[in-house]
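Report on the following structure.
In each ligand, atom 1 is the first atom listed, and ligand 1 is the first ligand listed.
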Amino acid sequence: MGTDLHRLVEGRSLFVGGVELPSDRGALGHSDGDVAMHALTDALLGAVGLGDIGELFPDNDPTLAGIESSTMLAEAVERLTSAGWSIENVDVVVELERPKVRPHRDDMRRTMAAVLGVDVERVFVKAKTGEGLPPIGTGEAIAASAVALVARVAP
Ligand code: MG
C-alpha cells in the first residue's frame, strides 16, 4: 500500500492519475505532484520489497526536478517486472474537495492502466471529499491512498 499528500497552491496545474483536472490550484511538489501516481508507485515498490519512491527519486536531486509522475510509476513497474513479479490489480482512493474527481475517473483508470501495462479492468479509482474539514476539506491539500496486488511469475 502507499499514501501521499501534497499542499494545494495557486499557479500550478492539478494532475491526478495522469489527468489534468480543471482547477485554479495545483499540487506543490518537486515533480508534477500527482498524488495518485505517487501512492501507487509506493504501493508497487513496497509490495515487492524494492524500496519507496523517495529512495528511487530523492526530492533533493536537482536532475529530477519537474519529473513526470508517470515516469516514476513506469520505473517502478519496470523494476517490479524485472524482479519477476506481475501486477494483478490496483485500487486508488483520491481525497480532494474540488473539483469532482468522478467525471475524470475513467480517464485516470485508462491512463494509469497504460503505464502499468494492464487492462483497465484491473485499475480502479475512487474519490472522497474531506467534509469541509482540514486539510482536504478546506482545499489546502490533496491526498491519495493506493493498494496493489502482485503475483510472482518467475522463481
Ligand atoms: Mg508525492
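In H6, the N, O or S atom that comes nearest to the Mg ion (ligand 1) is NE2. The nearest N/O/S atom of H38 to the Mg ion (ligand 1) is ND1.
In summary, D4 places an N/O/S atom under 2.8 Å from the Mg ion (ligand 1), meeting the contact criterion.
A donor-acceptor contact under 3.5 angstrom links the side chains of H38 and S31, judged on distance only. Side-chain contact, T71 with E75: no donor N or O sits under 3.5 Å from an acceptor N or O.
Annotation: the span from S23 atom OG to R12 atom CZ amounts to 12.0 Å, rounded to 0.5 Å.
Looking only at distances, a side-chain donor or acceptor of R25 sits under 3.5 Å from a matching main-chain atom of G139.
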